Amino acid sequence: MTTAEALDYASVFVFGLTGGLAASRAQLDPVGFLFLAVITAVGGGTARDVILDRQPVFWVGEPANILVACAAGLICFVWAPRLESRRRALDWLDAVALASAVGAGITAARWEGAGVIVTVLMGVMTGCLGGILRDVVCNEQPMVLRRGELYVTAAAAGAAAGAATMELGGGIGPASILCGLVAFGLRAGSLRFGWRLPEYRSRPPRS
Amino acid sequence: MTTAEALDYASVFVFGLTGGLAASRAQLDPVGFLFLAVITAVGGGTARDVILDRQPVFWVGEPANILVACAAGLICFVWAPRLESRRRALDWLDAVALASAVGAGITAARWEGAGVIVTVLMGVMTGCLGGILRDVVCNEQPMVLRRGELYVTAAAAGAAAGAATMELGGGIGPASILCGLVAFGLRAGSLRFGWRLPEYRSRPPRS
Amino acid sequence: MTTAEALDYASVFVFGLTGGLAASRAQLDPVGFLFLAVITAVGGGTARDVILDRQPVFWVGEPANILVACAAGLICFVWAPRLESRRRALDWLDAVALASAVGAGITAARWEGAGVIVTVLMGVMTGCLGGILRDVVCNEQPMVLRRGELYVTAAAAGAAAGAATMELGGGIGPASILCGLVAFGLRAGSLRFGWRLPEYRSRPPRS
């Protein structure tokens, strides 16, 4: 297994954990945990593969991804309180998973010959869509709408940095690494220092 | 028309009825009834066909499915009160439709050469996704999150039984029948005897 | 650029504006504006292309669509109050965009050899799905469930008129124009004169 493959499975696992924790907040039965773990873990990559017509969809080709997501869901069913109390640690793992998933997204898009714009979108989609599906199904406030945090923004900035590197002739390897570093860096800054973008205010205060 | 085809249309019709009843709870106009009937009836199979790259999508190939779903929607517009008062009967019809749809899902996946894991997922998706879409669009509590009932669980158990049968060399026919019986049996047990899985509790009572 | 292409981009732009206004109601940061503008603008056409297996998906083939949607999102971030105060004007622009998108949807379906039923559904999906995704992600009442307005109905009637014209031997050009006129006409009647369909009432008053 290459480093990239190991990172892919690790992302699926961590996203699965966030799905399982959402299931614990909704107090579901074990099948509900599996369900949310799976859609959170593979939702983004599935949309990417369907839109780019990559056949087979990644988890149809490698069903071990589903098993990894299910394992994460069951772990949450058994140990969610212990995981919740480590929420902070999980946020950091999620930041790594996000960075890795965005990198995987732009790499996949580039393999399909996508240009800069589509590559950036595919990076964001791979990193963020699973979490959005989880939040919509659970009727929680979708991540992308949570104010005061960089999440989609971190994904977008990382994807843009990676896509620009590839466009300027850098290889896919260096581009994914740069992408991951930028996405992780911004997300980490948001978690650690509260970095954020200005929000929309309908009436800015007069100076 | 074979028995399998007749069952497929019957499932589309019954799922369409549940969509129409959701429209009646939201007090929509007739087009809203058609809309919800159609997405409930064909949503799961559409996702299955898109992910497995089965072309054409089943209702693009056989648009009569859409007409059947629309008929169910219109029937609800006219007779929803009478149907609501037979809610219990409809739950039993829905159990049959679920069992039939899960069987159709695993059969389709097997035809595409899917392995056990993907086959199970496709069975669950075909049986449950339409209802989840209906609930998300209507802003009702999604079925999969409703506690104290076996629904996704019944679908998953049936799909697993069918997939295992096929893996062990059983034909597609016997496998679908076993799948349907298991899914219907669990759903029926949940409706009739209140069978359920243990739910997640953050603090189990000390003994 | 042909008239049809110009109309397509104009629809993407106007749908993007409605996405951006939803972001302003949720008081998001700029990336949230881009996100909602993009899914509103391209969601419907994406589902159409994926279901009909049209490759590449329209915005993968012409990424300028994404830039147009992003521009609409940023304009909302800067000028949303001014746009909100012109809400009425925007509703009229949206009616034009709807009519144009439904026409584009039935044209695309016809090119793929779809029959009447699938053509109508693709028209409705292209016109309405982006807005439904926007509303679901923002947790607003989905458009299709808003009572007392013709929206999906206008799309469906226009699509049906266009599909019937094509079925009766009319060319794609005249059919799209008729489709657009019917859709716009009904939506305009709803905006200007309050046209609506009867809603479902569980207990009609006795006469």
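Below, all heavy atoms of this structure are taken into account, side chains as well, without hydrogens, waters or symmetry copies. Please read all numbers here as calculations on a predicted model, not as lab measurements. Reminder, nothing fancy here: chain letters follow the sequence lines and each chain counts from 1.
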Below 4.5 Å from any heavy atom of chain A, which atoms of C/Val60 appear? Answer side chain, backbone, both or neither. both
So what's closer than 4.5 Å to chain A heavy atoms on C/Leu34: side chain, backbone, both or neither? neither
Portion of C/Thr46 that has a non-hydrogen atom of chain A nearer than 4.5 angstrom: side chain
Checking C/Pro56 against chain A: side chain, backbone, both or neither under 4.5 Å from a heavy atom? neither
Shortest non-hydrogen contact between C/Pro30 and A/Pro198, atoms and distance: CD-O, 3.2 Å
So which atom in C/Val137 and which in A/Val136 form the shortest heavy-atom distance, rounded to 0.1 Å? CA-CG2, 4.5 Å
Can you tell me how far CG of A/Asp53 sits from CG of C/Asp49, rounded to the nearest 0.5 angstrom? 11.0 Å
In terms of heavy-atom proximity below 4.5 Å to chain A, should C/Cys76 be classed as side chain, backbone, both, or neither? backbone
Taking all heavy atoms of A/Ile51 and all of C/Val57, pick out the closest pair and write down the distance. O-CG2, 3.6 Å
Determine the minimum heavy-atom distance between A/Val118 and C/Trp59, stating which atoms define it. CG2-O, 3.9 Å
In this structure, CD1 of A/Ile132 is separated from CZ of C/Phe35 (nearest 0.5 Å) by 3.5 Å
